[in-house]
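First listed ligand is number 1; within each ligand, the first listed atom is number 1. We're numbering straight along the sequence, starting at 1.
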Amino acid sequence: MKGLKLVVIGAGSSYTPELMEGIIKRQNEFPIRELWLVDIEDGREKMAIIAGLTRRMLEKNGLDIPVYETLDRTEALTGADFVCSQFRAGCLEARISDERISLKYDMIGQETNGLGGFANACRTIPIALAIAKEMEQLCPDAWLLNFTNPSGMVTEAILKYSKVKTVGLCNVPVIMQKGIASALGISDINEFIMQVAGLNHFIFARHIFHEGKDKLPQVIELISEGNDPLVPKNIPPFKWPDRLLANMGMIPCPYLRYYYMSDDMYRQELGEAQGEGTRGEIVKELERELFEIYRNPELAEKPKALEGRGGQYYSDAACELMSAIYNDKRIIMHVNTRNDGAIAGLPDDCAVEVSSMITRSGPMPLNVEPFPEDVLRLIQLMKSFEQLTIEAAISGNRYTAWRALVINPLVKSGQLLENALDEVIEHNKALMPAFQRNK
Ligand code: G6P
């Protein structure tokens with residue numbers, strides 16, 4: 001059959017119109033035959049609104065692609081070529097409860113970091129693995145693009161425990177590229193090559209090659225002056241400590257503020273939680289507004305309001321990645337994939353977020369020069385946290401969970417940890433069945 005079958009899991013997400021815009025933009029190089037939107041019962045209404053907007057967007061651009069909506073993954077996955085995974089287990093309510101529970105125990109409450117990231121992983125990994133198992137049967141040759149958070153851990157679980165071809169994606173590198181371009185006054189991000197390496201939400205820019213020079217020191221200098229254009233909407237743009245970046249010779253991604261400036265970030269979060277609300281609560285309101293806009297039968301394009309979300313450019317990057325695989329483009333993109341020696345000091349079979357050449361056979365990670373000891377140790381520590389978390393998510397073993405959390409720099413130890421972990425497990429009873437079986 002000509003053309004590709006594309007499946008979107010978690011299609012009721014407010015980011016989906018960006019995915020559609022990306023598909024429309026690439027209609028001549030990435031031919032879609034049919035589009036399947038999949039969600040769960042709770043997401044049915046949102047998915048219907050997204051489907052309506054999608055049909056209007058396709059029609060406006062003269063594209064005759066059938067759009068199917070379903071709650072039945074089997075029907076959707078059968079014979080798929082590309083599957084985009086972008087679901088949120090437990091919806092925004094779970095994100096908000098992670099934030100509130102963490103803050104109650106004096107810890108940072110964030111959807112992919114610390115206790116919140118752990119809880120999110122434990123809810124999500126079993127579902128992601130179930131989807132991967134279904135894909136092994138129903139579409140064994142398909143590529144799975146994972147942007148379900150926490151993207152690095154979810155990707156590693158799929159890479160390790162299934163045979164599915166998978167690549168994990170994040171928008172942080174794209175936001176960094178755009179920020180670097182604006183700092184250097186360059187209009188096209190393809191004019192320079194940025195090399196990043198690390199773990200998801202834990203990467204460092206190591207090189208910025210432009211016109212035969214490495215512009216990293218220049219960008220570091222510009223950022224150090226205080227105006228940092230590399231930060232997404234959901235992270236406070238605190239100024240990095242003076243001379244830190246120059247001393248490191250690298251640019252930490254914006255999420256590293258949670259680790260290098262934890263106290264400032266904690267106070268900021270606490271203040272927001274007591275005032276306008278946690279990020280999850282703010283996003284809930286933003287989503288409500290977005291879906292009001294999406295409902296408008298006159299609307300036939302991605303609205304500007306979507307740019308208020310931290311995950312902007314995610315979906316466009318996903319379309320570029322699918323097209324790069326399909327067309328064997330051999331371009332450099334920044335993805336989560338098997339390390340295979342790219343970062344010295346990490347196991348070959350773990351997932352890392354690294355600049356990679358994208359080929360029809362998948363990403364080829366680029367080797368990166370060794371990290372300084374302090375940074376490498378921190379990355380290794382975070383990798384241990386991630387691996388123990390994956391193990392806990394699958395086994396439901398409370399002690400494995402405890403061992404994961406106690407080494408995470410954002411998590412407190414002792415009685416606070418005992419109580420916080422009990423509350424997370426109790427609160428997520430229905431969404432973490434492994435912990436109930438393993439009592
Ligand atoms: C970032 C991250 C994403 C995350 C998003 C949250 O850019 O890379 O992983 O999903 O922000 O944005 P939100 O608007 O939901 O807070």
V172: numbered ligand 1 atoms lying under 4.0 Å from its heavy atoms: 8 (O)
Which one of R88, R279, K284, Q110 has a non-hydrogen atom at the shortest distance from atom 16 (O) of ligand 1? R279
Among H334, Q195, H207, R206, which residue meets the side-chain hydrogen bond (donor to acceptor under 3.5 Å, both in side chains) test with S355? H334
For N171, counting its heavy atoms only, list the atoms of ligand 1 lying under 4.0 Å from any of them. 1 (C), 2 (C), 3 (C), 7 (O), 8 (O)
With a 4.0 Å cut-off on N to O distance, would you call E281 and R100 a salt bridge? yes
Looking at ligand 1, would K233 count as a contact under a 4.0 Å heavy-atom criterion? no
Which ligand 1 atoms are under 4.0 Å away from a heavy-atom of R309? 13 (P), 14 (O), 15 (O)
Give the atom numbers and elements of ligand 1 that come within less than 4.0 Å of a heavy atom of V283. 13 (P), 14 (O), 15 (O), 16 (O)
Nearest neighbour in protein (non-hydrogen) for atom 2 (C) of ligand 1: Y255 OH, 3.2 Å
Over 12 non-hydrogen atoms of neighbours within 6.0 angstrom of CD in E285: yes
Hey, are E292 and R288 close enough for a salt bridge, meaning a charged N less than 4.0 Å from a carboxylate O? no
Run the contact test for Q312 against ligand 1 with a 4.0 Å cut-off on heavy atoms, strictly below, and give the result. no
Closest candidate by heavy atom, reference atom 6 (C) of ligand 1, pool E287, H201, Q86, E111: E111
Ligand 1 and G310, any nitrogen or oxygen pair closer than 3.5 angstrom? yes
Salt-bridge test for R279 and E272: reply yes if a basic N is under 4.0 Å from a carboxylate O, no otherwise. no
When you measure from atom 11 (O) of ligand 1 to every protein heavy atom, which one gives the shortest distance, and what is it? N234 ND2, 3.2 Å
Rounded distance (nearest 0.5 Å) linking atom CD1 of I235 with atom CG of L230: 11.0 Å
Is the centre of the F82 ring less than 6.0 Å from the centre of the F30 ring? yes
Would K25 and D316 pass as an ion pair if we require N to O under 4.0 Å? yes
Show me which atoms of ligand 1 lie under 4.0 Å from any heavy atom of N149. 3 (C), 4 (C), 9 (O), 10 (O)
Hey, is Y313 one of the residues with a heavy atom under 4.0 angstrom from ligand 1? no
Check for me whether Y314 has a heavy atom closer than 4.0 Å to any atom of ligand 1. yes
Taking only heavy atoms of G311 into account, list the atoms of ligand 1 that are under 4.0 Å away from them. 5 (C), 7 (O), 11 (O), 12 (O)
Heavy-atom contacts with R95 under 4.0 Å: which atoms of ligand 1 show up? List them by number with element. 13 (P), 15 (O), 16 (O)
Counting only heavy atoms not in K284 (residues, nucleotides, ligands), do more than 12 fall under 6.0 Å from its NZ? no
For C170, the atoms of ligand 1 under 4.0 Å from one of its heavy atoms are 8 (O)
Using the six-membered ring wherever Trp is involved, compare the ring planes of Y258 and Y255 and label them parallel, tilted or perpendicular (cut-offs 30° and 60°). tilted
So for ligand 1, is T112 a polar contact partner (N or O within less than 3.5 Å, distance only)? no
What's the separation between atom CG in L346 and atom CE in M382, rounded to the nearest 0.5 Å? 12.0 Å
